[in-house]
Amino acid sequence: MESGTTSPLSVSIDFQTSHLFFPHIINWTIGLLFVLVLVFRVVPFLKKVKRGERALPFIGESMDGFRFVGTLVLLVAYFYLMSVVGDYFPYTGYGFLFTSIGFLFLMSLLYMHTRTKRKIIVAGINALLAPALAWVVFAKLFYITLP
Amino acid sequence: MKTSRLTFGLVGSAFMASLALAPIAAAADGPLRGNVRVVIGSTSTGGDTYQNASIVVDALSKKLDLNMKVDAVGFSSAYRALDRDPRGNTLMIFHDQSYLGHLYGVEGYKDPFTNYTVGPTIAINPGNAYLVPKDSPYQSLDDIIKAAGEGKTIRVAIQPGGVSEIGYTALKNAIRIEHPGAEDNLVAVNTGSQSDKNQLLFDDQADLINGSVQANEQYTRLPESDQKAMRFIWLTATSETLQQAPENGLGQTDRATLLEYAEPNVKVTMGGDKNFAFDKEFFFLYNKKMNPAIIKQIDDTLEEIYAEGAIQKVQKKSFFIPDFKPSSKAQSHLKEKADRYETIIESINK
Amino acid sequence: MMDVLSSLDITFFLLTALGALVGIIFGAIPGMTATMAVAVCLPLTYALGLEHGLALLLGLYVGGISGGMVPAVLLNIPGTPSSITTTFDGYPMAQRGEGERALRICIVASLVGGLISAVVLFWFAPMLAEFSIKFSYVEKFLIILLALSVIASMSSNMLVGLFSGAIGIWLSLIGTYSLSDGGNGKTRLMFDFMEPYLFEGFSLLPVLIGIFGISTVLIEAERGISGGLKGTNVEVSKEKRFSLSVFKGGITNLVRSSFIGTFVGMLPGVGGSAASVLAYTQEKNLSRDSSQMGKGAPQGLIASESSNNALTGGALIPLLSLGIPGDSTTAVLIGAFTLQGIQVGPLFIPENQDTWYVMMAALVFANFVMFFLMFYAIKHIAKVVLVPKYILFPIIVMMCVIGAYAINYGIMFDVWTLLIFGIIGYIIQKIGLEVAPLIIGFILGGSAEVYFVKSLESFGTYSIFFTKSPIAVVLWGLIAASIALSAFIGFKSRKRGMRNVS
């Protein structure tokens with residue numbers, strides 16, 4: 001097995017540090033590709049931006065800031081509160097159930113363009129029904145642990 | 001509008017009904033209340049930890065009239081869940097890996113004896129085995145020890161850092177005692193799953209592999225001409241434990257045959273006249289701050305369950321050996337066991 | 001044989017059908033997988049006994065794998081990891097209002113894939129098991145490499161695609177070099193404070209639904225959430241109706257993809273999602289005209305869905321003839337046998353003939369049930385796109401949360417992974433990186449590492465990848481062909497693009 005140790009292709013991996021072997025290769029690959037992307041894609045793109053043909057991502061685009069930020073805030077609050085509430089009722093899935101009802105309703109309101117009474121009632125029903133159904137099926141029927 | 005009011009009513013009542021379906025935690029009168037989640041140190045729901053845990057948790061949940069559920073979250077997440085919950089709603093079941101991982105210095109394993117409360121033991125899996133190809137020149141473990149002493153390299157496929165490695169470590173230690181300096185001839189081929197270990201044997205990349213009676217018994221019955229054929233050479237369990245296995249053994253290998261591969265027929269010295277053996281035991285781990293009354297409640301309930309005798313049949317059917325020791329006994333037993341293995345592991349690392 | 005017939009009672013068929021139905025529902029919910037469906041129903045099998053238990057579980061398995069196509073096509077969220085390639089062509093079709101047609105194509109392809117793999121399983125299981133053990137670390141690495149070569153052919157810009165793929169691989173390496181894969185259990189690519197959460201790295205499923213599901217919600221939110229999901233015309237014009245003629249000229253693709261699926265399913269440790277990726281690559285490379293693939297071509301759907309359903313039979317081959325599960329679902333299935341005190345191993349089939357025939361019956365029957373359930377229900381399922389977004393999106397997010405939380409049996413960090421990768425997905429689409437190569441890199445990265453490093457550890461030289469065996473040489477041929485073809489196709493399309501500009 002060790003006969004070809006002088007060959008340029010031979011390699012010896014120390015088990016204690018083997019967890020770094022492959023990541024090193026990938027790091028170098030990413031670095032190399034990044035330089036290539038920079039030269040062949042980013043620089044030409046920036047030139048176009050300068051000439052006014054293209055817009056920069058994020059900065060140069062119009063966006064619905066209210067809905068976008070609102071979504072992010074709702075998601076963070078939803079995920080965070082889920083485990084907080086769930087902690088008061090260990091392993092019953094109530095944390096999931098209660099926060100989902102609030103989350104679904106608020107997110108529906110956020111995404112509605114015109115808030116008619118009818119739409120709000122539908123959203124409200126949905127916000128109650130969907131999590132309750134999911135909870136009954138998954139937590140009660142299939143005994144899946146929920147927060 | 002009419003329809004939506006109707007649905008509203010329907011939804012409302014369905015919702016109320018679903019809440020009413022939820023068990024009322026106060027129904028139980030012991031210190032253990034509400035829903036209980038038992039996390040295990042393995043992520044597999046097909047493995048022995050999950051099976052043993054679900055056998056015992058099923059019985060416990062019936063006896064205590066509580067909702068209990070086994071979740072295969074893996075050791076790192078299991079410890080994290082246990083750390084966060086001193087109320088007793090989170091319990092853990094794991095096996096000797098918990099302290100072996102720590103002794104081998106594997107990242108993420110904390111000393112279970114100081115960081116957690118060790119609870120009762122519940123069962124032993126006597127199946128931990130070492131196998132060679134059927135056409136191997138080595139007929140016994142003695143042959144292997146002798147060959148290593150004579151300078152032959154022997155490659156052993158194991159999963160490093162725990163239960164799979166302990167037998168290898170003991171063997172290395174035995175070679176060190178009988179043929180000082182020759183222990184380096186036993187080399188580990190570090191690998192993962194059982195399929196990878198088998199594959200190394202098929203590819204002739206290993207001379208000896210770690211396996212189990214359950215997973216490898218059928219391979220030992222293949223004809224020698226088959227590339228896949230294997231032969232048991234060592235079962236690490238104590239003969240005392242194996243004695244309690246069903247007389248028919250497993251598959252078509254009966255108990256008497258299995259006993260031939262275990263101590264005292266197979267000798268792996270630990271120095272002096274002490275012989276190495278290893279029983280893979282499953283036990284509870286609790287949060288350090290958990291109410292001691294819960295420890296007692298679980299001990300007592302298990303005591304009752306094991307006294308009734310039904311659980312033993314279920315365990316034996318899956319080739320597990322019933323092994324109930326209440327917490328205090330389990331703690332001293334496991335600590336003593338851990339100390340014994342610590343000396344072997346240290347003597348190798350010197 | 002009489003025993004077999006007596007186990008095939010009404011209960012048997014009902015359980016298989018029930019399994020298929022529940023499986024489809026699990027598969028269709030983003031984040032719920034076949035594996036989870038089998039895992040939650042496993043305890044039931046204790047009460048049902050072995051034959052009936054297996055009927056239920058195999059139904060769940062087949063249904064769960066198939067159900068993944070529904071959200072993949074309609075919502076661009078792969079319901080299960082193996083339906084990732086279904087999104088490439090399915091979603092563009094759905095956007096053109098051909099969602100129903102796309103789903104019907106998928107269903108037919110699934111049926112064929114499932115049946116072909118069942119036949120292969122029945123006749124050739126022991127022989128193929130013999131063949132599969134010829135694949136050691138080296139050959140398995142090359143299979144992964146071959147699947148990775150799809151990155152080159154499917155990205156719109158090869159350089160960006162490769163860069164995205166490399167980032168995907170990098171992300172998959174975060175966490176420990178797992179002991180259970182034979183690593184040394186040490187963590188890398190992260191800071192100490194992350195260890196409690198990232199010890200096992202990011203899990204595939206939350207990453208997948210985060211990057212496909214949550215990032216879609218974010219992007220839509222940024223655009224202000226316009227009315228319906230798309231053009232809203234589910235009713236389609238006559239020539240766009242589904243007919244079997246789509247499969248004309250696609251038979252080779254269908255059969256080839258089914259065999260690829262079966263074959264990949266059979267290799268333990270290569271992973272189910274590699275099957276559809278590999279089948280997709282091969283169709284892209286070998287078909288006469290692959291220019292439309294990725295833009296809504298039926299051939300992409302056929303390749304993807306026939307191969308992922310063919311996994312079912314394939315993954316059962318090593319389970320039943322070596323005692324080794326071929327994918328994550330069959331790993332759970334092992335529990336059903338051990339619960340009943342039945343060993344699986346090289347002698348399982350000869351020693352348990354009856355069980356074996358019962359399993360085959362369940363597998364074939366489950367495929368037909370899946371077909372009829374889905375083929376006739378699809379009209380209604382496809383209407384999901386008519387639900388207004390302010391109702392649909394919150395529900396999708398909620399289901400993603402359940403799936404992410406439940407996939408590893410209840411880990412809160414997996415829910416946060418959703419958000420993290422939702423944001424990552426949003427950013428990479430903004431700055432022009434490509435999602436598909438990144439996710440394929442992520443899926444295959446872990447096993448690529450293990451097999452690459454283990455090969456070198458045991459042989460100590462890079463040359464082993466070329467000299468190990470004839471199989472390795474054949475695989476290199478395929479890899480070279482795959483790369484050359486994708487370069488050629490890229491060149492051709494660029495030339496066409498230039499001509500269009502001028």
Side-chain angles (χ1 to χ4, degrees), chain B residues 37 39-40 42-48 50-51 54 58 69-77 79-81 83 101 104 106-109 159-162 189-200 202-203 205 214-219 221-222 226-229 250-252 317-319, chain C residues 35 38-39 42-43 46 129-130 133-138 140 176 178-187 195-197 199-200 268-269 318 322-326 330-341 343-348 351 408-414 450 454 457-459:
Chain B
R37 181 185 190 207
V39 288
I40 61 171
S42 143
T43 51
S44 145
T45 48
D48 55 353
Y50 185 81
Q51 275 183 60
S54 49
D58 260 6
K69 163 114 199 303
V70 181
D71 275 330
V73 295
F75 80 91
S76 163
S77 306
Y79 281 147
R80 196 147 37 92
D83 287 340
Y104 278 112
V106 179
E107 213 173 302
Y109 282 95
Q159 177 179 327
V189 182
N190 295 308
T191 183
S193 64
Q194 194 58 50
S195 94
D196 287 342
K197 292 176 205 156
N198 294 353
Q199 188 68 44
L200 285 167
F202 304 152
D203 289 349
Q205 290 289 315
Q214 292 90 332
N216 297 89
E217 191 267 344
Q218 294 198 343
Y219 286 91
R221 286 189 274 135
L222 297 172
D226 194 319
Q227 186 196 0
K228 303 191 292 302
L250 189 88
Q252 285 171 27
K317 189 177 168 196
S318 301
F319 202 66
Chain C
T35 312
V38 174
L42 194 61
Y46 202 71
E130 210 63 40
I133 64 164
K134 302 250 184 296
F135 286 72
S136 62
Y137 292 137
V138 174
K140 282 183 186 165
T176 50
S178 173
L179 280 175
S180 54
D181 293 331
N184 56 12
K186 291 185 184 166
T187 51
E195 193 181 302
Y197 307 101
F199 191 79
E200 273 138 55
L322 293 173
I324 284 157
T330 40
V332 179
L333 216 51
I334 264 197
F337 292 96
T338 39
L339 269 177
Q340 308 279 348
Q343 264 180 295
V344 281
L347 298 173
F348 171 81
E351 283 178 7
N408 292 317
Y409 309 102
I411 292 176
M412 198 58 209
F413 181 71
D414 285 336
V450 172
K454 287 288 151 192
E457 253 175 46
S458 28
F459 294 97

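Below, chain A is the first sequence line, B the second, and so on; all start at residue 1.
Residue Asp203(B) touches chain C through its side chain alone, counting heavy-atom pairs closer than 4.5 Å. Both the backbone and the side chain of Val73(B) come within less than 4.5 Å of a heavy atom of chain C. Proximity to chain B involves both the backbone and the side chain of Gln343(C), based on heavy atoms less than 4.5 angstrom apart. Neither the backbone nor the side chain of Asp48(B) comes within less than 4.5 Å of any heavy atom in chain C. Proximity to chain C (any heavy atom under 4.5 Å) is restricted, for Lys228(B), to the side chain, taken from C-beta onward. Both the backbone and the side chain of Thr45(B) come within less than 4.5 Å of a heavy atom in chain C.
Rounding to the nearest 0.5 Å places OH of Tyr79(B) at 11.0 Å from CZ of Phe199(C). Rounding to the nearest 0.5 angstrom, the gap separating the NZ atom in Lys454(C) from the OG1 atom in Thr191(B) is 6.0 Å. Rounding to the nearest 0.5 Å gives a distance of 13.0 Å between OG of Ser77(B) and OH of Tyr409(C). Atoms CZ and CD, on Phe202(B) and Glu130(C) in that order, are 9.0 Å from each other to the nearest 0.5 Å. Distance CG/Asp71(B) to CG/Asn408(C): 10.5 Å, rounded to 0.5 Å. Atom OG of Ser54(B) and atom CG of Leu42(C) lie 8.0 Å apart (nearest 0.5 Å).
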Side chain to side chain contact (heavy atoms under 4.5 Å, CB included) assessment of Gln194(B) paired with Ile324(C): CA-CA 8 Å; Gln194(B) 194 58 50; Ile324(C) 284 157; 5.6 Å; no

Test log, rule side-chain hydrogen bond (donor to acceptor under 3.5 Å, both in side chains), inputs Thr187(C) and Glu107(B): CA-CA 8 Å; Thr187(C) 51; Glu107(B) 213 173 302; 2.4 Å; yes

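The side-chain heavy atoms of Asp196(B) and Asp181(C), taken from C-beta on, include no pair separated by under 4.5 Å. Considering only heavy atoms from C-beta on, Thr338(C) stays 4.5 Å or farther from Gln214(B) through its side chain. With contacts defined as side-chain heavy-atom distances shorter than 4.5 Å, the pair Gln205(B)/Phe459(C) qualifies. With contacts defined as side-chain heavy-atom distances shorter than 4.5 Å, the pair Leu200(B)/Tyr137(C) qualifies. The shortest side-chain heavy-atom distance between Gln227(B) and Lys134(C) falls under the 4.5 Å cut-off.
Most heavy-atom pairs under 4.5 Å with chain C, from the set Arg80(B), Gln252(B), Lys197(B), Gln51(B): that is Arg80(B). In terms of heavy-atom pairs under 4.5 Å with chain C, the best-connected choice from Ala215(B), Ala72(B), Ser193(B), Ser44(B) is Ala72(B). Each of Asn198(B), Val39(B), Leu250(B), Asn216(B) has some count of heavy-atom pairs under 4.5 Å with chain C, and the biggest count is that of Leu250(B). Options Thr43(B), Leu222(B), Asp58(B), Asp226(B) differ in how many heavy-atom pairs under 4.5 Å they form with chain C, and the most are formed by Leu222(B).
Between the side chain of Gln199(B) and the backbone N or O of Ile133(C), at least one donor-acceptor pair lies under 3.5 Å. Counting only distance, with no hydrogens or angles, the side chain of Gln218(B) and the backbone of Phe348(C) share a donor-acceptor pair below 3.5 Å.
Open room surrounds OH on Tyr197(C); 12 or fewer heavy atoms of other groups in view lie less than 6.0 Å from it.
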